[in-house]
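Working notes, beginning with the structure itself.
This structure is a prediction, so every number in the text was calculated from the model and none was measured. Numbering of ligands and ligand atoms starts at 1, following listing order.
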Amino acid sequence: MAKKRELHEYSTDPAAQEMLKRAEELGISTAFTRADDMVPCNIGGAGMCCKQCGMGPCRLTKDGQTGVCGATIDTIQARNLTRAIAAGAAAHSDHGRDMAFLLKATANGEAEGYMIRDIAKLRIVASKYDIPIEGRSPEEIANDLADLYIAQFGQQNGEIAPIRRAPKKRQQLWRELGVVPRGIDREVVECLHRTHIGDDQDPEHILQHAIRTGLADGWGGSMIATDIADILFGTPAPVIGQANLGVIKENMVNVIVHGHEPSLSEMIVAATQDPEIIEYARKAGADGVNLSGICCTANEILMRQGIPAAGNFLHQELAILTGAVEAMVVDVQCIMQALVDLARNFHTQIITTSPKVRIKGATHIEFDEHKALTIAKEILKTAIDNFKNRDRSKVHIPDIKEDLIPGFSHEYINYMLGGSYRASFRPLNDAIMAGRIRGVAAIVGCNNPRSSQDYLHNKVVRELLKQDVLVVQTGCGAIAAAKLGLMLGEAGLEQVGPGLREICETVGIPPVLHMGSCVDNTRILTVLTQMVEEGGLGDDIDQIPAVGLAPEWMSEKALAIATYCVASGAYVIFGGASPISGMPDRVSDSDAVLRYISEGWEKLYGGKLEFVPDPDEMIRRTLEHIDKKRAALGLPEYDPSRFGRSGDARMLELEALPLEKKRQAIYGLAAD
Ligand code: NFS
C-alpha cells in the first residue's frame, strides 16, 4: 500500500482540504484516499499489457519479448492508445448525436420546453453547409441542419461536412494524408476493428487511423454538440458566476447536476424558476431550490446561465460530504461509481437520468426530450421531498467560493475585440504580432487524484500569464482557475505580464478566458481558424504561436481531444503519467510510439503530443515552442520591457502629472 498523503498533497483547494479532513473524521473514503490504496499497475500503466484476446493477457516486460501472437511492444502500445482515443471520441460524439436528435425534435415541435434561442447562430451554421436560410422559419432551417448533422454519424463515404470549417490548407493536408473522416461512427468502429487480434500491426498505420478518429470527434461530434447547444440554449456571453463548494446553501434544497449533457440540466434550470416548484420548496420548509453543477454540465450552465459550479471532477464526492445535498442528478461521463455508497452516509439521492447510464443503488428517473420539463420538475420534487431527511448535525459546508466571469464563446471573443460593427480577430492577431501577447495557451482537461488537485493546472496557468501568454480554458481546468479567482475581470491582473495586462485592461477581459465544457474545445479550433483567416500569423494553424496543455488529464476523452488538436497542427503537452511510457529501463525498444506521436506526427501535421510530468518543464517547452513559432513568422522577439506603459498603468501615470504636463502628454500640446 502506498503512503497516505498530507492534505496539501491531495488538493491545493482549501475547500477540498476542509472536506477531506471531514471525510477522515467520518471515516469515509474518497478518490483521493483510494488513489493512495491503489498502486497503479506499472505494466498496464506503461502501455505494455495486451488484453485484446484470450491467449493473454500478455505482459511485455522483457527486452525483445512479444505477445503470444507475436505482437511487439510498439504494436501493443499503438493499439492501446488508439482504443482509448476511439472511446473518447465515441463519448463526445454520442453526446453530439443526442444533441442532433434534440434539435430535430425541437424543430418539429416535439420537445417539450425547448426552443431555438439563438436564431442568428442557427442561420450562420446552416449557411456554412449551404442550407437555404432566406425566407425560411428557424424551425425549417433547424430541421435541415438536424438532418445533416444526424447524417454525419452514419455516413459511409466522402467527407464529414464540418471539416470544411478548417483552414483551407489544413483540409488539403488531411486529404493528401488520407485522414479526412468519412463518417463519425465509421471511424470509431474501424478503430475497434483494426485493433482486434490479427488486424493492423504496423504502429504508424494504426496511429494514422487514430488521427482520423480524433478528427471525427473534434471536427465532427464535438463540434456538432457545441453548435447545437448554442442554437438551443444560447451562445455564451459573459455573465457573473461563482465556483466552489461554498455555493451550496444551508437554507435551501440543494440540487447538483453532474455529467456532461446540457439537455436535461438546462431544463432543470428552467424548472427551478417555476412558481410551482418554488412554492413546493417553501412548503417543505426551504427558502427555495439552489442549483449548482459539477464537471462539464457545470460548465454548460455556468457559461450560459451563470449557474454556480460546485466544483470540478474531484469535487463530486466532496459535495456530497457537505451533507446538504438533497439530490445529485447525473447524466453521462466522469461520474464516479463511489457516489452511491458515499451518499448512503447522508440523505443524498443519486439520480441517474440517461438511458445509457445506471448505477446500482441509485434512483433512476429517465430523461426523455419529449417531456423534459415535466421530468425536470419530477426530479426537483423528488429532491424537495428529500429535504426533510437532511440530518442537520451532519451539515458542513465550507465557506469558500470565488466569483468569476465565464461565457467567452468564440463569437463573443470576436465581438469583444472589435465591437458590433467591426467584430474581428484583428486586435488579437495584432497584439501577438506586436509581442504584447507572446502567444496563446489552451489549458484544458481533467483532475487526477494522482497529483494534488488543481496544482498542476494553476501552476502552469500562473506562470504562463506572467510570461504574457493569453490563457483560454475549458473543462475541469477552467473550474480550477475559477476557484482561484483568475477569471474575474481585474482580479489577478497583478500576476500578469505587462503586455498581456495592457490588453486585458484595454479590452476589459480577465486574463484567463473560460470557453466552456470539454466538447467546447472545438471553440478553440474555431478561434485558431479565424486567427489564420484574419491574416498575419501564417496560413495554417500549425504556424500560430499556441500550445494546448492538459496538466491533470485522466480520461480517454482527453486523449481524443489531444489527437484532434495535434492533427489540426497544435503542440499538445499532457502532464501526469504517459499511457505509453514503456519501462524506464527498457526505453531502447519501447519508445518508438512515443517518438512517433511527437516527431513523427510533427513532420506530418505540424503538431505533436508529448507527456511531460514536471510542470516547470511543461512551461519551458510551451514558451520555447511559442518563441520558435514567433521566429518562424518573422515576428519581433518577445521583450516584456517594451510594454506596461499603456492601459491602466498609463492612466495612473497621467493622473499624477500636473495639469499642464497632463495636457501636453494627452494632446501633444506644448506647455505655454
Ligand atoms: Ni473533460 Fe468534462 Fe472534467 Fe475531464 Fe471529465 S468533466 S469532458 S473529461 S474530468 S475535464
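- The closest side-chain heavy-atom distance from D368 to E366 is not below 4.5 Å.
- If you number the atoms of ligand 1 from 1 as listed, the ones under 4.0 Å from a heavy atom of S555 come out as 8 (S).
- Interface atoms of ligand 1 facing M554, defined by a heavy-atom separation under 4.0 Å, are 9 (S).
- Relative ring orientation between F233 and Y114 is described as tilted, the plane-to-plane angle lying within the 30° to 60° band.
- In H260, the part holding a heavy atom less than 4.0 Å from any atom of ligand 1 is the side chain.
- In terms of modelled atom types and a separation under 3.5 Å, the side chain of E317 and the main chain of A31 share a donor-acceptor contact.
- For atom 3 (Fe) of ligand 1, the set of nearby N, O or S atoms under 2.8 Å includes none belonging to C446.
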Apply the test side-chain contact (heavy atoms from CB on, under 4.5 Å) to residues S452 and H8: give CA-CA distance (whole Å), side-chain angles for both, the deciding distance (0.1 Å), then the verdict. CA-CA 7 Å; S452 184; H8 72 272; 5.7 Å; no
Problem - Derivation and outcome, salt bridge (charged side-chain N to carboxylate O under 4.0 Å, His left out), residues K4 and E9 - result: CA-CA 10 Å; K4 186 178 156 312; E9 294 172 291; over 6 Å; no
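- Those atoms of ligand 1 with a heavy atom of G445 less than 4.0 angstrom away are 10 (S).
- In this structure, I256 and Q316 have side chains that are not in contact, with every pair of non-hydrogen atoms separated by 4.5 Å or more.
- Within the listing of ligand 1, atoms 2 (Fe), 6 (S), 7 (S) sit less than 4.0 angstrom from a heavy atom of C296.
- When the heavy-atom distances from atom 5 (Fe) of ligand 1 to S517, A560, C334, A550 are ranked, the shortest goes to C334.
- For atom 3 (Fe) of ligand 1, the closest non-hydrogen atom of the protein is C476 SG, 2.3 Å.
- Here the heavy atom of the protein found nearest to atom 1 (Ni) of ligand 1 is C518 SG, 2.2 Å.
- Those atoms of ligand 1 with a heavy atom of F313 less than 4.0 angstrom away are 9 (S).
- Residue A558 places every heavy atom at 4.0 Å or more from ligand 1.
- Across K483, H315, K401, a single residue satisfies side chain to side chain donor-acceptor pair (under 3.5 Å) together with N244, and that is H315.
- Judged by distance alone, the side chains of T213 and E187 never bring a donor and an acceptor atom under 3.5 Å apart.
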